[in-house]
Amino acid sequence: MNFLRALVYYALLIVILVPYWVMVMCVAPLPRIPRWKIIAGWPRLAAWLAIYVLGIRYEVRGRENIPAEPVVILSKHSSAWETLAFSGIFPPHVYVMKRELLWLPFLGLGLALFSPIFINRADRKNAMRRMIELGKERFAQGFCIMIYPEGTRIAVGKRGVYKLGGAYIAVQTGARVLPVAHNAGLLWPRNAFLKRPGKVTVVIGKPIESAGHTPEQLMRKVEDWIEGQVEILVRAAREQNAA
């Protein structure tokens with residue numbers, strides 16, 4: 001059953017992708033925020049289909065902690081689910097991405113219209129400067145900045161190295177950071193075709209002031225909170241499944 005669900009899910013996404021791509025090209029001249037809201041319809045639709053085709057529903061705790069002003073959102077990254085569902089949970093936000101993604105046929109252009117911050121990871125010094133400069137610019141345009149501090153998807157139960165880029169942006173711009181934890185990897189495992197039905201829980205923490213912190217201190221606070229919450233969520237989910 002899970003195999004059939006996954007097959008239908010991806011088939012629907014492929015069918016929808018072509019007409020949506022045409023629409024994305026049509027809205028390219030729009031200002032950044034309206035354009036983002038239209039383009040973000042595709043990942044929101046993918047998250048909606050995940051509910052009704054894959055049986056992966058979700059709940060959000062702490063939605064009231066999302067501030068009105070743009071912030072740096074720092075989230076756990078364990079699956080592809082969050083890259084889809086977050087478009088419907090958080091205000092307009094941009095990702096920090098490696099510039100090589102810009103060169104991908106079709107996808108690169110679509111990503112560029114999403115107003116991300118592209119960086120050259122091989123040139124760390126200039127990459128950090130570019131993140132801060134474009135981070136200020138995106139904040140002024142009304143975007144939050146979404147960063148997965150571990151840099152890649154990490155299997156449930158494991159912890160990657162929390163990189164400091166997001167904390168540097170926050171400290172240099174004076175923005176607050178918003179920590180986010182979830183257990184999506186239990187249902188939508190990393191690089192797995194098969195998904196398990198169930199409920200993803202997303203927990204949004206209270207914003208953390210960057211003032212008075214070094215990037216290292218700020219990221220340590222974020223890491224401790226995220227990993228502590230993930231441990232609670234994963235343990236609760238596994239105990240429920242075992243019951």
Side-chain angles (χ1 to χ4, degrees), residues 2 6 43 46-47 50 54 56-62 71-90 93-101 104 107 111 116-119 121-122 124 127-128 131 144-170 177-205 208 215-241:
N2 287 345
L54 298 175
I56 300 178
R57 62 196 189 280
Y58 67 92
E59 69 165 327
V60 180
R61 302 174 186 171
V71 292
V72 178
I73 304 170
L74 299 176
S75 172
K76 188 71 176 179
H77 191 25
S78 59
S79 76
W81 179 88
E82 58 268 21
T83 63
L84 302 172
F86 280 4
S87 294
I89 296 174
F90 295 100
H93 53 271
V94 301
Y95 284 91
V96 176
M97 300 179 177
K98 59 183 180 181
R99 67 175 184 177
E100 287 79 6
L101 293 176
L104 295 175
L107 179 61
L111 290 175
I117 299 174
F118 283 113
I119 60 171
R121 289 183 175 178
R124 293 191 177 185
M128 188 63 67
M131 277 199 301
C144 293
I145 297 175
M146 176 80 68
I147 296 179
Y148 302 127
E150 292 164 291
T152 188
R153 286 172 289 180
I154 302 296
V156 173
K158 296 184 179 181
R159 181 188 302 203
V161 177
Y162 277 62
K163 301 174 180 63
L164 298 177
Y168 268 109
I169 293 175
V177 299
L178 192 67
V180 180
H182 60 83
N183 59 356
L186 291 175
L187 305 179
W188 190 314
R190 180 175 179 260
N191 297 328
F193 178 77
L194 295 181
K195 282 72 173 173
R196 294 177 51 244
K199 183 175 71 174
V200 174
T201 300
V202 179
V203 182
I204 304 172
I208 302 174
E216 291 81 6
Q217 291 169 339
L218 185 59
M219 189 56 75
R220 176 56 63 86
K221 276 191 174 183
V222 170
E223 180 178 357
D224 289 345
W225 185 90
I226 289 178
E227 293 299 329
Q229 289 295 317
V230 169
E231 183 178 348
I232 292 171
L233 292 174
V234 171
R235 182 170 62 246
R238 286 175 172 165
E239 288 174 355
Q240 184 177 8
N241 290 335

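Just so you know, residue 1 is the first one in the sequence shown, and it goes up from there.
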According to side-chain contact (heavy atoms from CB on, under 4.5 Å), who are the partners of [X], at least two apart in sequence or on a separate chain?
{"X": "M128", "value": "M131, I132, Y168"}
{"X": "R61", "value": "E59, T201, V203, L233"}
{"X": "E231", "value": "R235"}
{"X": "D224", "value": "R220"}

Give the minimum heavy-atom separation between [X] and [Y], together with the two atoms involved.
{"X": "A127", "Y": "I119", "result": "O-CG2, 3.9 Å"}
{"X": "P116", "Y": "F118", "result": "CG-CE1, 3.3 Å"}
{"X": "T83", "Y": "P43", "result": "O-CB, 4.3 Å"}
{"X": "P179", "Y": "V222", "result": "CB-CG1, 4.4 Å"}

### Query
Should W225 and I208 be marked as a side chain to side chain contact (heavy atoms under 4.5 Å, CB included) after you check the CA-CA gap, both sets of side-chain angles, and the distance that decides it?
CA-CA 11 Å; W225 185 90; I208 302 174; 5.6 Å; no

Please set out all donor-acceptor pairs under 3.5 angstrom arising from side-chain atoms of residues 184-194, sequence neighbours excluded.
{"from": "R190", "atom 1": "NE", "to": "R153", "atom 2": "O", "distance (Å)": "2.9"}
{"from": "N191", "atom 1": "OD1", "to": "R153", "atom 2": "NH2", "distance (Å)": "3.1"}

#### Entry: Verdict with reasoning, Y95 to L111, per side chain to side chain contact (heavy atoms under 4.5 Å, CB included)
CA-CA 10 Å; Y95 284 91; L111 290 175; over 6 Å; no

How far does [atom1] of [X] sit from [atom2] of [Y], to the nearest 0.5 angstrom?
{"X": "S75", "Y": "I226", "atom1": "OG", "atom2": "CD1", "result": "6.5 Å"}
{"X": "F86", "Y": "H93", "atom1": "CZ", "atom2": "NE2", "result": "8.0 Å"}
{"X": "Y162", "Y": "M219", "atom1": "OH", "atom2": "CE", "result": "8.5 Å"}
{"X": "I204", "Y": "Q229", "atom1": "CD1", "atom2": "CD", "result": "11.5 Å"}

### Option from I147, L218, I169 for which side-chain contact (heavy atoms from CB on, under 4.5 Å) with V177 holds
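Going through the options one by one, the only one that passes is L218.
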
### Task
Report the residue from V71, V96, L74, I73 that forms a side-chain contact (heavy atoms from CB on, under 4.5 Å) with I145.
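Running side-chain contact (heavy atoms from CB on, under 4.5 Å) over V71, V96, L74, I73 with I145 returns exactly one hit, V96.
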
### Query
When you measure from the side chain of H182 to the backbone N and O of K76, does any donor-acceptor pair fall under 3.5 Å?
yes

### Task
Could you tell me whether a side-chain N or O of K163 sits under 3.5 Å from a main-chain N or O of E150, the two making a donor and an acceptor?
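Looks like yes, one N/O pair under 3.5 Å.
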
### Message
Would I154 and R159 count as a side chain to side chain contact (heavy atoms under 4.5 Å, CB included) here? Give the steps.
### Response
CA-CA 7 Å; I154 302 296; R159 181 188 302 203; 5.7 Å; no

#### Entry: Derivation and outcome, side chain to side chain contact (heavy atoms under 4.5 Å, CB included), residues F90 and V60
CA-CA 11 Å; F90 295 100; V60 180; over 6 Å; no

### Message
Is there a side-chain contact between I89 and Y58 in this structure, where contact means two heavy atoms from C-beta onward sitting under 4.5 Å apart?
### Response
yes

#### Entry: Selection residues 78-88 - residue pairs positive for salt bridge (Lys or Arg N to Asp or Glu O under 4.0 Å), sequence neighbours left out
none

### Task
Give a yes or no on this: more than 12 heavy atoms of other residues, nucleotides or ligands lie within 6.0 Å of atom NZ of K221.
no

